[in-house]
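To keep things clear, I will list the structure first and then write my remarks on it.
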Amino acid sequence: MMESRHAQRKNEHLSLAAKYYDQVHRHYFDQVRLIHDSLPEMSTDDVDLHVQLADNLKIENPFYIEAMTGGSEQALKVNRQLAQLAHKHHLAMATGSLSIISKDPQAYASFDVIREENPDGIIFANLSANATLDQAQEAISLLHADALELHINAAQELIMPEGDRDFNWLDNIQYLVSELDIPVIVKEVGFGMSKTTIAKLQTHDVHLINVSGRGGTNFAAIENRRNHDIDFASLLDWGQTTPEALLEAHSSRRGKTEIIASGGIISPLDVIKAGVLGARAVGVAGYFLNVLQRDGYERLDQILSEWIVIVKRLLALLGCASFTDLSRVDYVLGTDLLSYARQRHLR
């Protein structure tokens, strides 16, 4: 069956994400060093990996499979494998954007497979911040979703040849938060957030925020490769890195706001460092996708098993009984990140 233009775009995204992974990836978490305490006074048996993100949203591990894909036959295969692994390892999983299902009914199967393979797991549906209430309810119903991610991606849309050009999102986000009966997470797609952005979201009743910084999948590079009319190469380093965005979030966090981190997470130590900088949970997309596409299902299966063990042991090493305890761990910043923090009056 011939795939739609929207489905073909999803396939392009998967292909280009693999193509550019090694070319554009930079490891910004190297700018964060944790201070070792030789007397943690902790047993690994004392560590509980569960994280409470909201009153009715609890995940079994502090890292999860972040939004990647959906909407094509190729995406269906990827989502099936990711959902199987999420089920096996008790990991929450976010879908790729479900916006396509209102334009292409053939896309349903590539998302429905996630709940089919993971009937009792925690699943986050994903839509654009300009989604209607009907679209949100349809996406939630399709997946029996436990939370809804609303992605904000102005930089990506502006580079995308067929992208949106209107970014009046805040009122709609607030409306969806007020009308939906499951938690709503507002997330970037890899360009980070500033304290100003976070403050705007907080004043519009958003309490789950994924700062999703630069350092992982680079949608500026992907969309620029797809744009044959205008060269946006000057925007390939646009935005804040994930550590920068976490420092921004720390300075503006208030009330019951919970911060999630994603973007450039490539190791269990990165998960821990994100927690030290204030993340309540950590999403991983590009690294897991790259392993799956390059090395196969069995290798990603092995890596997920290892990550769970290592995260637990690192928490014990740092004397932390839970992921939230990481906020008391001492750290130092590298020269570039320290300069950023000082210029932004974050430290």
Tell me whether [X] shares a hydrophobic cluster with [Y], the cluster being built from Ile, Leu, Val, Met, Phe, Trp, Tyr side chains joined at under 4.5 Å.
{"X": "Val282", "Y": "Tyr28", "value": "no"}
{"X": "Val184", "Y": "Leu133", "value": "yes"}
{"X": "Val332", "Y": "Phe29", "value": "no"}
{"X": "Leu180", "Y": "Val186", "value": "yes"}
{"X": "Leu236", "Y": "Ile222", "value": "no"}

Quick one, [X] and [Y] - any side-chain contact, counting heavy atoms below 4.5 Å?
{"X": "Val276", "Y": "Leu34", "value": "yes"}
{"X": "Arg294", "Y": "Arg299", "value": "no"}
{"X": "Asp146", "Y": "Ile182", "value": "no"}
{"X": "Glu248", "Y": "Leu346", "value": "yes"}
{"X": "Leu49", "Y": "Leu315", "value": "yes"}
{"X": "Cys320", "Y": "Val329", "value": "yes"}
{"X": "Ile35", "Y": "Asp37", "value": "no"}
{"X": "Ile209", "Y": "Ile185", "value": "no"}

Test item: [X] side-chain N/O and [Y] main-chain N/O as donor-acceptor pair under 3.5 Å:
{"X": "Ser128", "Y": "Ala131", "answer": "no"}
{"X": "Asn153", "Y": "Gln156", "answer": "no"}
{"X": "Asn61", "Y": "His90", "answer": "yes"}
{"X": "Thr69", "Y": "Gly96", "answer": "no"}
{"X": "Glu258", "Y": "Arg280", "answer": "no"}
{"X": "Asp46", "Y": "Met42", "answer": "no"}
{"X": "Ser339", "Y": "Asp336", "answer": "no"}
{"X": "Arg214", "Y": "Gly264", "answer": "no"}

In terms of side-chain geometry, is the basic nitrogen of Arg115 or Asp112 positioned less than 4.0 Å from the acidic oxygen of its partner?
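Looking at Asp112 together with Arg115, the answer is no, because their closest N to O distance does not fall below 4.0 Å.
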
Can you name the ring-ring contact (aromatic ring centres under 6.0 Å, His included) partners of [X], sequence neighbours left out?
{"X": "Trp307", "value": "Phe63, Tyr287, Phe288"}
{"X": "Tyr64", "value": "Phe124"}
{"X": "Phe323", "value": "none"}

List the atom of [X], the atom of [Y], and the distance in Å for their closest heavy-atom pair.
{"X": "Leu317", "Y": "His36", "answer": "CD1-CE1, 3.9 Å"}
{"X": "Ala261", "Y": "Val211", "answer": "CA-CG2, 4.3 Å"}
{"X": "Thr242", "Y": "Gly263", "answer": "OG1-O, 2.6 Å"}
{"X": "Arg313", "Y": "Thr44", "answer": "CG-CG2, 4.1 Å"}
{"X": "Met68", "Y": "Val284", "answer": "CE-O, 4.0 Å"}
{"X": "Ala54", "Y": "Leu208", "answer": "CB-CD1, 4.3 Å"}

Aromatic ring pairing Trp169/Phe167, orientation class (parallel under 30°, perpendicular over 60°, tilted between):
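Rings of Trp169 and Phe167: perpendicular, over 60°.
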
Which value, rounded to the nearest 0.5 Å, describes the distance between [X] atom [atom1] and [Y] atom [atom2]?
{"X": "Ile159", "Y": "Asn227", "atom1": "CD1", "atom2": "CG", "value": "8.5 Å"}
{"X": "Gln84", "Y": "His89", "atom1": "CD", "atom2": "NE2", "value": "11.0 Å"}
{"X": "His345", "Y": "Leu247", "atom1": "NE2", "atom2": "CG", "value": "14.0 Å"}
{"X": "Lys187", "Y": "Leu201", "atom1": "NZ", "atom2": "CG", "value": "13.0 Å"}
{"X": "Leu304", "Y": "Ile65", "atom1": "CG", "atom2": "CD1", "value": "6.0 Å"}
{"X": "Leu277", "Y": "Ser327", "atom1": "CG", "atom2": "OG", "value": "11.0 Å"}

Do other residues, nucleotides or ligands put more than 12 heavy atoms under 6.0 Å from the NZ atom of Lys195?
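Counting other residues, nucleotides and ligands, NZ of Lys195 exceeds 12 neighbours.
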
So for atom NE2, which belongs to His87, do other residues, nucleotides or ligands contribute more than 12 heavy atoms lying within a distance under 6.0 Å?
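No, because the 6.0 Å sphere around NE2 of His87 holds 12 heavy atoms or fewer from other groups.
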
May I ask you to check whether [X] and [Y] show a side-chain donor-acceptor distance below 3.5 Å?
{"X": "Asp134", "Y": "Thr132", "result": "no"}
{"X": "Ser110", "Y": "Asn79", "result": "no"}
{"X": "His151", "Y": "Asn210", "result": "no"}

Between Ser141 and Gln137, does the side-chain hydrogen bond (donor to acceptor under 3.5 Å, both in side chains) criterion hold? Intermediate values first, please.
CA-CA 6 Å; Ser141 177; Gln137 291 171 333; over 6 Å; no

Please evaluate residues Gln31 and Glu244 with respect to the criterion side-chain contact (heavy atoms from CB on, under 4.5 Å), reporting the C-alpha separation (whole Å), side-chain torsions for both, the decisive distance (0.1 Å), and the verdict.
CA-CA 10 Å; Gln31 287 281 306; Glu244 289 168 352; over 6 Å; no

Derivation and outcome, side-chain contact (heavy atoms from CB on, under 4.5 Å), residues Arg165 and Leu158:
CA-CA 6 Å; Arg165 304 294 182 255; Leu158 286 173; 4.0 Å; yes

Sole residue of Ile152, Asp166, Asn130, Asp164 in side-chain contact (heavy atoms from CB on, under 4.5 Å) with Glu157:
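Going through Ile152, Asp166, Asn130, Asp164 one by one, the side-chain contact (heavy atoms from CB on, under 4.5 Å) with Glu157 is satisfied by Asp164 alone.
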
Please assess Val177 against Val206 for the test side-chain contact (heavy atoms from CB on, under 4.5 Å), listing each intermediate value before the final yes or no.
CA-CA 7 Å; Val177 169; Val206 177; 4.2 Å; yes

Using the side-chain contact (heavy atoms from CB on, under 4.5 Å) rule, take Val32 and Leu333 through it: C-alpha gap first, then chi angles, then the decisive distance, then the call.
CA-CA 5 Å; Val32 181; Leu333 303 179; 4.3 Å; yes

